[in-house]
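All chains are named by letter (A, B, ...) in the order of the sequence lines, taking the proteins before the strands, and each is independently numbered beginning at 1. Model, not experiment: these values are computed from the prediction.
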Amino acid sequence: MTAVATRPPRTSPHKRRKPRSRQGRETLLLMLPALVPVLLFSVGPLLYGIGLAFTDARAGRNAVYEFVGPQNFIDLLSDADFWASFRIGLIWAVSVTGLQFLLSLGLAILLNQNLRFRGVARVLAVVPWAMPPVVIGLMWRLVYHPDAGILNSMLGTDIDWLADFSLALPAVIVMGIWSGMPQTTVVLLAGLQGVPKELYEAVEVDGAGTWRRFWNITLPQLRPVIVAITSLDFVWNINQFSLVYVLTQGGPGGQTRLPMLFAYEQAFRYGFFGYAAALGVATMIVVLAVLGIYLWRQMREAS
Amino acid sequence: MRIKSALAAAAIVAMAAACGSGGGGGDAAEPAKSGGEPVKLNFLSLAWQKESVAANKEIVEAWNKANPNIQVTYVQGSWDNVNDQLVTSFEGGDAPDVIHDDSPALSGFASRGYLLDLKDKLPAELKSDIPQSAWDTVTFDDGKGNQGVYGVPFLQESQVIIANKKLLDAAKVRVPTADAPWTWDEFAEVSKKLTKGETFGVAWPMKSPVNKTLNLALNFNGTFFQTGADGKTTVKVGPEEKQVLQRIHDQLYKDKSADPSALGMGTADPLPGFFAGKYALLPVGVYLRQQVVEQAPDGFEWVTLPPLKGETTNQGAVSQTLSVSADSKHPDESIKFMSFFLNGPNQAKLAKGDWLLPTSQKAAADPSMTTKENGWDIATASAKDLVVAPFLKVNGFDEWKSKVATPTLQQYFANKISLDDAAKQLVEEGNKVLERYSR
């Protein structure tokens with residue numbers, strides 16, 4: 001590295017023979033400061049985690065562990081709790097992403113209109129973004145509180161939302177939608193503002209109604225943005241941990257145990273580090289696969 | 001320009017490398033025996049009731065004043081997440097020196113080698129002050145087949161019944177005493193008698209049903225676990241284990257003397273209903289008396305009734321404990337501090353603060369522990385029924401409890417599955433969970 005750095009700067013014109021390789025090296029050098037942390041703090045742990053997934057690592061002082069091949073993955077396939085948690089993870093990720101997208105799209109279109117107090121409304125829509133997940137979790141715990149909760153007092157009901165086997169997951173999903181809406185809304189709003197006005201004017205000349213304008217102009221124009229934000233949302237949601245950990249810790253009876261919560265329990269509660277790492281790897285593979293198919297289809301339709 | 005960026009990159013690499021290697025070393029702090037520097041200990045306490053936190057801090061302060069060479073820092077922890085926190089800090093090598101926890105958690109920590117074996121290190125005075133039955137709750141396998149003592153037990157909880165005195169008098173039932181407690185049959189009869197109009201005889205708060213039912217199951221010798229000749233532990237739900245389960249279920253759905261809507265409640269949640277006369281009897285841990293005293297409306301009369309009797313009055317016991325981290329750099333000083341912290345007078349203070357039973361016999365003889373006021377006499381007397389809970393020694397109990405037993409028992413008490421189905425689930429799924437730990 002020092003050898004590269006101390007080489008005198010080249011300015012003579014006759015050495016411009018290999019501009020591409022020089023440029024490439026320079027780019028690499030410029031990227032290095034950004035790359036080093038990525039390698040150290042993202043790629044490193046990732047590789048370590050993948051390695052751990054093939055061992056029988058357990059919590060313990062001076063614990064020794066050995067390579068066990070794909071045993072963890074074989075166990076995983078026959079682990080009913082894993083599949084239950086995985087199913088919950090998919091329900092959660094798909095419904096949060098889907099509903100969040102629909103609501104955010106509505107909100108973004110609304111905020112794109114020429115409303116009074118539009119500035120204030122836009123700021124308000126971003127408020128949940130400013131809250132750390134732990135605070136959001138605590139806040140919603142108060143909303144759902146069986147005795148002192150706002151929800152029960154508003155509806156006049158007496159339901160313990162987070163302790164009910166069938167209501168807990170929907171209740172958690174509502175919170176997930178709420179907390180992720182700002183990102184999605186802001187991105188969609190930015191996308192909406194990028195749609196050329198002339199297109200609308202053109203179809204208006206043709207006498208198209210609101211619905212047709214939305215269907216034929218807004219949606220196709222927004223497509224790249226929609227694809228990007230829904231796939232990002234999906235990844236975020238399936239890897240969600242802190243919100244649900246604070247709100248329910250996976251209860252009642254594992255009804256809200258998302259895959260990451262399950263992995264966390266395996267590692268830090270029961271001490272099966274290797275198994276938990278295998279879980280992480282499996283989730284990663286699934287996310288990559290789902291995203292791959294989705295993006296591939298979207299690209300194909302777009303072209 | 002290029003030199004600068006390269007230098008920056010090199011600096012980042014160097015910094016990151018320094019950070020990476022910094023965490024692992026444990027060589028920096030040598031015990032300061034000869035020098036003037038006092039030894040510093042961290043004490044993780046889980047006390048949460050106001051009086052109890054005050055008692056803890058007071059004892060730590062007294063120690064620090066008397067021992068300028070061993071200074072203890074009080075660190076506040078919380079029962080909610082202590083075990084996750086401890087696993088992380090044990091693995092990271094920065095666990096507190098003296099750790100407050102409870103005996104069910106020690107079993108797993110002991111087998112992973114996180115805790116110091118105190119067997120031959122404790123002073124005789126402390127050892128003889130605490131009865132063997134309490135020491136049994138902290139004696140565990142170290143994962144290699146040796147038995148060790150991994151903590152000092154100091155507070156124990158027994159299950160008593162807190163009763164509304166007016167309703168009890170009005171129903172003209174026999175008031176049990178420590179020598180002649182109610183049997184479960186009598187308890188069922190009394191509960192039926194007390195059920196009138198809006199009032200239910202009893203409320204069973206069963207949000208966390210496992211420890212409660214397993215501890216009570218010992219009344220009928222129900223152990224829930226058995227260890228075979230091959231050393232493998234399996235779950236067992238036979239006629240003995242089914243007794244208490246069936247009886248509680250009968251109160252809920254046959255006698256209708258227990259309020260089904262109390263099932264989802266945590267231990268303290270039925271109190272408002274209890275004060276309002278909605279429930280006459282509350283089978284709860286002794287510590288709940290504190291909240292009754294604090295929250296009861298003026299003129300509300302209540303009594304503490306001794307534990308029920310099945311075939312025996314035995315109850316499973318777990319203890320709150322103090323342990324020393326295996327990685328502590330000052331184990332001897334830590335043990336000295338623990339011995340002071342848990343001597344007779346201090347245990348009496350701690351027990352009073354937490355409204356629990358002290359293991360120290362000296363503390364139990366303290367007049368404040370045997371007064372009739374607030375049922376202390378009944379509570380302290382119930383300590384004789386405590387035997388080590390069989391599930392304490394089961395490796396993997398925590399996972400069995402949260403994954404299998406809690407949902408199964410909740411479903412059973414909610415009348416969604418039959419007793420036989422519940423038993424089957426507890427055994428079959430339970431054995432699958434335990435299997436993993438014996439590998």
Legend entry - Pair B:Tyr150 + B:Phe109: ring centers closer than 6.0 Å: no
Legend entry - B:Glu91 portion near chain A, given a 4.5 angstrom heavy-atom threshold: side chain
Inset, instruction - Spell out the residues in residues 273-285 of chain A that have some non-hydrogen atom less than 4.5 Å away from a non-hydrogen atom of chain B, in order of number; otherwise answer 'none'. - result: A:Phe273, A:Tyr275
Inset, instruction - Between chain A and each of B:Ser402, B:Ser111, B:Pro407, count heavy-atom pairs under 4.5 Å; write down the option with the most. - result: B:Ser402
Inset, instruction - Name the option with the most non-hydrogen atom pairs under 4.5 Å to chain A; the candidates are B:Lys403, B:Gln85, B:Arg112, B:Glu429. - result: B:Arg112
Inset, instruction - Using the test side-chain hydrogen bond (donor to acceptor under 3.5 Å, both in side chains), find all partners of B:Asn415 that sit at least two apart in sequence or belong to another chain. - result: B:His249
Legend entry - Top contributor to chain A interface from B:Thr406, B:Asp327, B:Leu86, B:Thr408 [non-hydrogen pairs under 4.5 Å]: B:Asp327
Inset, instruction - Show your reasoning for whether side chain to side chain contact (heavy atoms under 4.5 Å, CB included) applies to B:Lys212 and B:Lys207. - result: CA-CA 10 Å; B:Lys212 190 177 239 175; B:Lys207 193 174 179 187; over 6 Å; no
Inset, instruction - Return the option, out of B:Gly113, B:Gly108, B:Gly93, with the maximum number of heavy-atom pairs under 4.5 Å with chain A. - result: B:Gly113
Legend entry - Proximity of A:Phe272 and B:Tyr437 rings by center, below 6.0 Å: yes
Legend entry - Residues in ring pair (Phe, Tyr, Trp, His ring centres under 6.0 Å) contact with B:Phe225, at least two apart in sequence or another chain: B:Trp400
Inset, instruction - State, without any angle test, whether B:Asp97 and B:Ser325 hold a side-chain donor-acceptor pair at a distance under 3.5 Å. - result: no
Legend entry - B:Phe140 six-ring face occupied by B:Lys393 cation (under 6.0 Å, within 45°): yes
Inset, instruction - Using side chain to side chain contact (heavy atoms under 4.5 Å, CB included) as the criterion, list what pairs up with B:Thr88, not counting sequence neighbours. - result: A:Phe268
